[in-house]
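Heavy-atom basis, side chains included; hydrogens, waters and symmetry copies ignored.
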There are 2 protein chains.
Amino acid sequence: MTINIYDGFMPESHPAPARFPVTVDVVALTVTDDVLKVLLITRLIEPFRGRLALPGGFVLAGEDLATAAGRELTEETGVVGVPGHLEQLGSYGPKGRDPRGDVLTVAHLLLAPNFPVLSAGSDAEHAAWYPVSQVLDGELQLAFDHERILVDALERAKSKLEYSPLGAAFCGDEFTIAQLRAVYEAVWGTRLDPRNFHRKATGTPGFLEDTGRMTTGDAGRPAALFRLAEAARQAAGQPVRAVLNPPLMRPRA
Amino acid sequence: MTINIYDGFMPESHPAPARFPVTVDVVALTVTDDVLKVLLITRLIEPFRGRLALPGGFVLAGEDLATAAGRELTEETGVVGVPGHLEQLGSYGPKGRDPRGDVLTVAHLLLAPNFPVLSAGSDAEHAAWYPVSQVLDGELQLAFDHERILVDALERAKSKLEYSPLGAAFCGDEFTIAQLRAVYEAVWGTRLDPRNFHRKATGTPGFLEDTGRMTTGDAGRPAALFRLAEAARQAAGQPVRAVLNPPLMRPRA
DNA sequence: ATATTTATCGTCATATTGACAATAAATCGG
DNA sequence: CCGATTTATTGTCAATATGACGATAAATAT
């Protein structure tokens, strides 16, 4: 295969600028049944055929990173639009991550409520939610450097919950304090005192807004339904300034 | 120009994978005379010839991102080794950032004590420290999307100071509490109460370590010299866990 | 020698956290 | 239908941390 490359393209550097294949990978996290789960696909081709991997794929010419990440997510799950909070995590490579050659990947982090994934036919890569703990245990093994990326994503997610309202990205539009607390507990891997959590969540100005409605049908006393306050909602890709101030810190190990 | 590309290279995606030129850019920050400064070079070629820009350049084949960032820094300033804390900031593009075509850039953040930059001859790109405020004012204009990258870098730096010991990356190995406070004030753009800052800095376990030595010659009472405690020092590229817990938050605007 | 400067220690009211008691309001099991 | 159980929510109280600021210590500057 032969490709023509425009020649007059050496902005600032003297050695021949290399071109790299660029992929986006998405670490999609969700919480279901109090368990933190990650979206993984089963690879159908070498290398790492049959192995689990993060959903992702090549960035196309003229495409932006966030666009590519959203597109890959849609392609591999059938979900329409971005189902939660998507942010860039970081870039990995290009050296030594793919046995076939240098590939740069830009990892993204998606925090979303559980969404159904397309059950693909046998000739498509099957995507499904897996408990994060099974990957960290070594029970499940990931392709490439995807475990390292997952670990970084988890640390990012844990830290985001401390000072940002993004815990709510795991919930639907309306949620109870207990549901939000379950998210914190699943992501941090610790139990939190329901009363103190309630106090902090409801007592932080600009964080939550009472909808006035209550849950019904569940065991126990009905819970009030909240939504994110206007100040905490944010146009996609905005700074997400520290709404939780002072932050809600993870217990000190 | 014609380049041969290995053909069997389509891991997960169906459309032809594009290859992109990849650059690294470095937002190098330092504090001198209580002023936050950023390292900028003057471009010698189009586009944006004569305009100020972040130091950076192409990632070479077989090179890692952090390596490339360090190499570019060395090439443009003459500094030997990485003079402070270098971390990845984020990736930008590839669409619409360079008039010549799609270029992906991976921005990095360097927090370092002031270091001298090579005074280049007239035919090399001249690197120098500029007050960040002059860029934000619009007094200085940057090439490409470099101002946006700088803004993101500043937010990252501000936030890092809150919970990590990285403020000390701006100081030398040994420093006084007042010097550290000057870093916080310059980065955050606020004044801090010297007594409360002293209490927090010296009272946080695992943050600072008294060297036993004192400053001499300066005006006023001599100050004790501190260094980062072992727990706060970290192998380059490590997580930098929250040493400041609870964090030292910026004043609420 | 005294004024000035900077560092450091101390005080005190207020805010926040962590641990936990008590009450409210539903479902559950007979 | 009723008490047991479950979950939500409101409080209480001591320990900790913060913000505002007084006071003292130890240099240099005049």
message: Would you say that more than 12 heavy atoms from the other residues, nucleotides or ligands in this model lie under 6.0 Å from the CG of B:Asp173, or not?
response: no

query: C:dT16, C:dA26, D:dA27: which one has an atom nearest the side-chain heavy atoms of A:Pro222?
result: C:dA26

- prompt: Whole Å only: how far is the CG atom of B:Leu225 from the C1' atom of C:dT6?
  reply: 14 Å

Under-4.0 Å side-chain N/O to phosphate OP1/OP2 contact, B:Lys200 with D:dA17: no

- prompt: Side chain of B:Arg181: nearest nucleotide among D:dA17, C:dA7, C:dT16?
  reply: C:dA7

message: Tell me the interatomic distance from A:Met249, atom CE, to D:dA17, atom C1', rounded to whole angstroms.
response: 13 Å

query: Between D:dA17, C:dT8, D:dT9, which nucleotide has the shortest distance from any of its atoms to the side chain of A:Pro194?
result: D:dT9

message: With no hydrogens and no angle check, just 3.5 Å: does a side-chain donor-acceptor pair link B:Tyr92 and B:Asp25?
response: no

Rounded interatomic separation in angstrom, taking CG from B:Leu180 and P from C:dA7: 12 Å

- prompt: Rounded to the Å, how far apart are A:Arg250 CZ and C:dG18 P?
  reply: 14 Å

statement: In whole angstroms, the gap separating C1' of C:dC9 from NE2 of B:His198 amounts to 9 Å

field: A:Arg221 (side chain) and C:dA25 (base): donor-acceptor pair under 3.5 Å
entry: no

field: Side-chain donor/acceptor of A:Asp218 to base of C:dA26, under 3.5 Å
entry: no

query: So, do A:Phe175 and A:Phe226 have ring centers that fall under 6.0 Å from each other?
result: no

query: With distance as the sole criterion, do the side chain of A:Arg199 and the base of D:dG11 form a donor-acceptor contact below 3.5 Å?
result: no

- prompt: Parallel, tilted or perpendicular: which describes the rings of A:His146 and A:Phe144, with under 30° parallel and over 60° perpendicular?
  reply: tilted

field: Atom-pair distance (CG on B:Leu208; P on C:dT8), nearest Å
entry: 12 Å

query: Does any donor atom in the side chain of B:Ser91 or A:Ser91 lie under 3.5 Å from an acceptor atom in the other side chain?
result: yes

- prompt: Which nucleotide in the list C:dT8, D:dA26, C:dT17 gets nearest to the side chain of B:Arg195?
  reply: C:dT8

task: Starting at atom CG of A:Asp193, determine the distance to atom C1' of C:dT16, rounded to an integer number of angstrom.
output: 14 Å

message: From CZ of B:Arg191 over to C1' of C:dT6, roughly how many Å is that when rounded to an integer?
response: 13 Å

- line: Of the listed D:dT7, D:dT9, C:dT5, the closest approach to the A:Ala224 side chain comes from D:dT9

